[in-house]
Amino acid sequence: MDACLTKPIEPLRLLEVIDRMVPVEAEDDAPAPAQAVTDITSHPRFRPATALPAIDLRVLGELEALGGKPFLAELIKEFINDAGVLVQSIAASAAAVDVRMFRDQAHALRSGAANIGAKGLYDLCLQWRQINEGELQLDGRRHAERLSAELERVRDALLHYQTTAEQSENLN
């Protein structure tokens with residue numbers, strides 16, 4: 001196993017990995033150039049994949065039941081702050097191609113994400129537990145960007161949860 005792609009497969013990423021893994025053929029053995037690939041989104045029956053919810057509300061409910069609203073509010077605040085620092089560190093590790101630091105920071109973020117119910121964030125970090133230097137050098141920046149976008153989605157969902165909970169409490 002020399003490469004790994006996760007679902008959903010991104011066509012450009014798949015082609016990059018294939019190019020990296022398949023040896024270059026001699027010019028006289030090279031097949032005729034293939035026609036350009038049609039963008040899948042142009043197909044009339046194309047439907048984008050539905051994203052998982054950013055947060056598992058069941059986990060937040062269990063945390064609230066465990067320690068109450070103030071406990072959960074503090075937990076959310078600390079998670080958002082700590083996760084922001086970890087994402088910055090992961091991005092810096094990717095830029096420096098520091099595999100050990102990248103893995104360590106992703107592991108720390110994965111643990112916090114699991115505790116707060118951020119399944120998508122957890123899954124991203126889980127994918128990188130065995131990342132190697134070549135993959136980090138090739139895709140590190142893209143990984144960091146995806147991670148940052150997912151953290152923003154999680155942050156928005158957590159803040160929305162808090163706001164909704166506060167509004168419903170004020171109505172009672």
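Computed from heavy atoms alone, side chains included, the values below leave out hydrogens, waters and symmetry copies.
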Item to check | Lys/Arg-Asp/Glu bridge criterion (N-O < 4.0 Å) met for Glu145, Arg141 | outcome: yes

Checklist entry - Would you call Glu150-Arg153 a salt bridge at under 4.0 Å N-O? => result yes

Atom pairs and distances, donor-acceptor, side-chain atoms in residues 68-92, under 3.5 Å, two or more places apart:
unit_1, atom_1, unit_2, atom_2, d
Lys69, NZ, Glu64, OE2, 2.6
Asn81, ND2, Lys77, O, 3.3
Ser89, OG, Gln105, OE1, 3.4

Next on the checklist: Using only atom types and a distance under 3.5 Å, with no angle test, would you say the side chain of Asn132 pairs donor to acceptor with the backbone of Glu135?
Outcome noted: yes

Item to check | Donor-acceptor contact present, side-chain Thr164 to main-chain His160, <3.5 Å | outcome: yes

For [X] against [Y], the heavy-atom pair lying closest together:
| X | Y | value |
| --- | --- | --- |
| Cys125 | Ala106 | CB-O, 3.4 Å |
| Ile131 | Arg103 | O-NH2, 2.5 Å |
| Gly61 | Tyr161 | N-OH, 4.0 Å |
| Ala54 | Val154 | O-CG2, 3.7 Å |

Any link between [X] and [Y] through a network of hydrophobic side chains (Ile, Leu, Val, Met, Phe, Trp, Tyr) touching at under 4.5 Å?
| X | Y | answer |
| --- | --- | --- |
| Leu60 | Tyr122 | no |
| Val99 | Met101 | no |
| Trp128 | Val97 | yes |
| Leu5 | Leu136 | no |
| Val22 | Leu138 | no |

Checklist outcome for this item: Across all chains, not counting sequence neighbours, the side chain to side chain contact (heavy atoms under 4.5 Å, CB included) partners of His107 are Arg110, Ser111

Checklist entry - salt bridge (Lys or Arg N to Asp or Glu O under 4.0 Å) between Arg58 and Glu62: does it pass, once the steps are laid out? => result CA-CA 6 Å; Arg58 182 186 51 80; Glu62 290 171 358; 2.9 Å; yes

Nearest 0.5 Å please: distance from the [atom1] atom of [X] over to the [atom2] atom of [Y].
| X | Y | atom1 | atom2 | answer |
| --- | --- | --- | --- | --- |
| Leu52 | Lys119 | CG | NZ | 7.5 Å |
| Leu121 | Leu126 | CG | CG | 11.5 Å |
| Leu151 | Leu109 | CG | CG | 7.0 Å |

